[in-house]
Amino acid sequence: MSRPAAAFAIPGDLDTLTGGYIYERRLLDGLRALGHEVAHLELAASFPDPSPAEMAHGIAAMAGIAPDRPLIVDGLVFGAAEGLERVRAPVLAMIHHPLAYEEGLTETRRAHLYRTERDNVARAAHILVPSAHTRGVLIADYAADPGRITIAPPGVDRPNLPRQPRQPPLILSVGLLHPRKGHDVLLRALATLQDLDWQALIVGRAHDPAHAADLHALCTSLDLDNRVRFPGEVPRAELTELFASAEIFALATRYEGYGMVFAEALTHGLPIVATDGGAVPDTIPKGAGLICPVGDAAAFADALRTLLTDRTVAARIAATSARAGAALPGWGETARIASGVITALAERAGSQTPR
């Protein structure tokens, strides 16, 4: 069966190893595998903070897409785009979480992003989101039409390595070195566990060099340099090996629109320590992890201590995690959901295009 053509506007390098980019790369590949011809529009990597020239170039590129060809627009572009009304193609926004919910914004910048994204939400033909949480936020805070939002949860890849926990126990954390990821909270929690035997890795590239330097300085000031390492961004095969060798997955994130890395931890059957930020409690099924209040280092430390010292509890949570991970959908299902939306938009656009 012939499937309608589409386009996908994404800023920067599609091979960037963050959850949002991985999602969009796999979605692009999945749509093409289903038979959609999908053009990749690579826009400036500076979105959501492009220069005026980069903004103008991005709007012009999107405006060049034919009016009967659905255009998927990455959230970093969609939430910041000024001039989206010039785009003739039906816009399918891909919103992982609203830009105004990001950490470290000035109130002026936050207000600007909120207004821009709210206006663009009203213009979008449809919106894809990774979670019910993000859908609810868009409806409640951005006046989005519930009938124009579809949840397309990220898929997972099944691990190809058996579990091989190392000694001393490895506490693994994966996420950009960014204030939103809460690595500072994790470090403060780990500092209270020095009476126990463990090692920790915080894997992820530096989003902001200044914040990365602050994390390294905090690690040193807490006397954790001999037990905590920051290996940076690692290749996919190496990351899989780290998951297979870990005892606990821990991420003290302050907010997530889904949290793909938690799903990956579930596929490896790892007990998880996380926070109640955003969609995290929905991503981690009940019993598969210990959930702490955002920013509460003491509670995070207590949860880690429980998993390190109570083998019965740790084994029970790990078993629940493994069952939940086995039930997660693959990336083919994500692509099929998006394909249905694209097909409906193309049919509607085709019926409205003059012959």
Side-chain angles (χ1 to χ4, degrees), residues 8-12 16-28 47-48 72-81 91-105 109-110 113-114 116-118 120-121 124 126-146 148-156 173-176 178-183 204 207 249 251-266 272 274-285 289 291 293-295 328-329 331 333-334 337-338 341:
F8 203 156
I10 304 171
T16 301
L17 293 178
T18 65
Y21 278 97
I22 292 170
Y23 181 107
E24 293 180 2
R25 183 172 69 249
R26 297 301 296 268
L27 178 58
L28 178 62
F47 276 94
I72 312 168
V73 182
D74 166 83
L76 295 176
V77 175
F78 178 81
V91 170
L92 175 55
M94 178 65 252
I95 302 178
H96 299 281
H97 69 262
L99 296 183
Y101 278 55
E102 192 56 89
E103 288 287 321
L105 300 174
R109 180 63 175 153
R110 191 181 306 280
L113 288 172
Y114 171 75
T116 303
E117 194 156 21
R118 180 194 59 196
N120 286 342
V121 161
H126 206 86
I127 300 170
L128 287 177
V129 296
S131 68
H133 172 83
T134 299
R135 180 180 186 272
V137 168
L138 292 175
I139 294 169
D141 296 351
Y142 290 77
D145 177 356
R148 293 191 294 113
I149 306 177
T150 295
I151 301 171
V156 296
S173 188
V174 179
L176 281 175
H178 184 286
R180 179 166 56 86
K181 296 299 181 179
H183 298 313
H207 175 80
F249 182 80
L251 183 63
T253 183
R254 292 179 166 91
Y255 186 85
E256 296 291 336
Y258 179 80
M260 285 172 50
V261 72
F262 293 117
E264 186 163 8
L266 293 172
I272 298 169
T275 71
D276 57 3
V280 176
D282 299 326
T283 305
I284 303 171
I291 306 298
V294 169
L328 289 172
W331 285 104
E333 179 60 22
T334 309
I337 293 170
V341 175

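Model, not experiment: these values are computed from the prediction.
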Asker: Only counting residues at least two apart or in another chain, list the ones meeting side chain to side chain donor-acceptor pair (under 3.5 Å) with H96.
Answerer: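 With sequence neighbours excluded, H96 shows a side chain to side chain donor-acceptor pair (under 3.5 Å) to E24, given in chain and number order.
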
Asker: Of all residues at least two apart in sequence or in a different chain, which pass the side chain to side chain donor-acceptor pair (under 3.5 Å) check with E117?
Answerer: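 Per chain and number, E117 pairs via side chain to side chain donor-acceptor pair (under 3.5 Å) with no residue.
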
Asker: Distance from E103 atom CD to K181 atom NZ, nearest 0.5 Å?
Answerer: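 Output value for this atom pair is 11.0 Å.
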
Asker: Quick one: salt bridge (Lys or Arg N to Asp or Glu O under 4.0 Å) partners of D145, sequence neighbours excluded?
Answerer: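 Applying salt bridge (Lys or Arg N to Asp or Glu O under 4.0 Å) to D145 gives R148.
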
Asker: Find the distance between OH (Y258) and CD1 (I151) and round it off to the nearest 0.5 Å.
Answerer: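 It is 11.0 Å, given to the nearest 0.5 Å.
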
Asker: Tell me, please, which residues at least two apart from A152 pass side-chain contact (heavy atoms from CB on, under 4.5 Å).
Answerer: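 For A152, the residues satisfying side-chain contact (heavy atoms from CB on, under 4.5 Å) (neighbours in sequence not counted) are Y23, L128, T334, I337.
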
Asker: Looking only at heavy atoms, what is the nearest atom pair of P130 and G257, with distance?
Answerer: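 Reported closest heavy-atom pair: CG-O, 3.9 Å.
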
Asker: Using side chain to side chain donor-acceptor pair (under 3.5 Å) as the criterion, list what pairs up with H178, not counting sequence neighbours.
Answerer: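 So H178 forms no side chain to side chain donor-acceptor pair (under 3.5 Å) with any residue.
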
Asker: CG of D74 to CE of M94: how many Å apart, nearest 0.5 Å?
Answerer: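 Here the interatomic distance stands at 8.5 Å.
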
Asker: Which residues satisfy the side-chain contact (heavy atoms from CB on, under 4.5 Å) test with A279, sequence neighbours excluded?
Answerer: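 If we apply the side-chain contact (heavy atoms from CB on, under 4.5 Å) test to A279, skipping adjacent residues, the hits are S131, H133, T283.
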
Asker: Listed by chain and number, what are the salt bridge (Lys or Arg N to Asp or Glu O under 4.0 Å) partners of E333, not counting sequence neighbours?
Answerer: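 Salt bridge (Lys or Arg N to Asp or Glu O under 4.0 Å) check on E333 returns R336.
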
Asker: Considering all heavy atoms of both residues, which atom of A81 and which atom of T116 are nearest to each other, and what is their separation?
Answerer: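 Heavy atoms only, the tightest pair is O-CG2, 3.5 Å.
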
Asker: Checking D141 now: which residues fulfil side chain to side chain donor-acceptor pair (under 3.5 Å) with it, not counting sequence neighbours?
Answerer: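 Counting only residues at least two positions away or on another chain, D141 forms a side chain to side chain donor-acceptor pair (under 3.5 Å) with Y101.
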
Asker: Excluding sequence neighbours, so at least two apart, what forms salt bridge (Lys or Arg N to Asp or Glu O under 4.0 Å) with R254?
Answerer: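 Checked R254 against salt bridge (Lys or Arg N to Asp or Glu O under 4.0 Å); matches are D184.
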
Asker: Could you work out, with salt bridge (Lys or Arg N to Asp or Glu O under 4.0 Å) as the rule, every residue matching R26, not counting sequence neighbours?
Answerer: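 Testing R26 for salt bridge (Lys or Arg N to Asp or Glu O under 4.0 Å), a comparison that skips the adjacent residues, returns D157.
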
Asker: Which residues satisfy the side-chain contact (heavy atoms from CB on, under 4.5 Å) test with R109, sequence neighbours excluded?
Answerer: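 R109 satisfies side-chain contact (heavy atoms from CB on, under 4.5 Å) with P48, D49, L105, T106, H112, L113 only.
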
Asker: State which residues pass side-chain contact (heavy atoms from CB on, under 4.5 Å) with Y21; sequence neighbours excluded, sorted by chain then number.
Answerer: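 Scan of Y21 (side-chain contact (heavy atoms from CB on, under 4.5 Å), adjacent residues dropped) gives I10, P11, T16, T18, L76.
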
Asker: Atom CD1 of I127 and atom CG of L138: how far apart are they, to the nearest 0.5 Å?
Answerer: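 Rounded to the nearest 0.5 Å, the CD1-CG separation comes out at 5.5 Å.
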
Asker: Would you call R180 and E256 a salt bridge, taking side-chain N to carboxylate O under 4.0 Å as the test?
Answerer: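 So R180 pairs with E256 through a salt bridge.
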
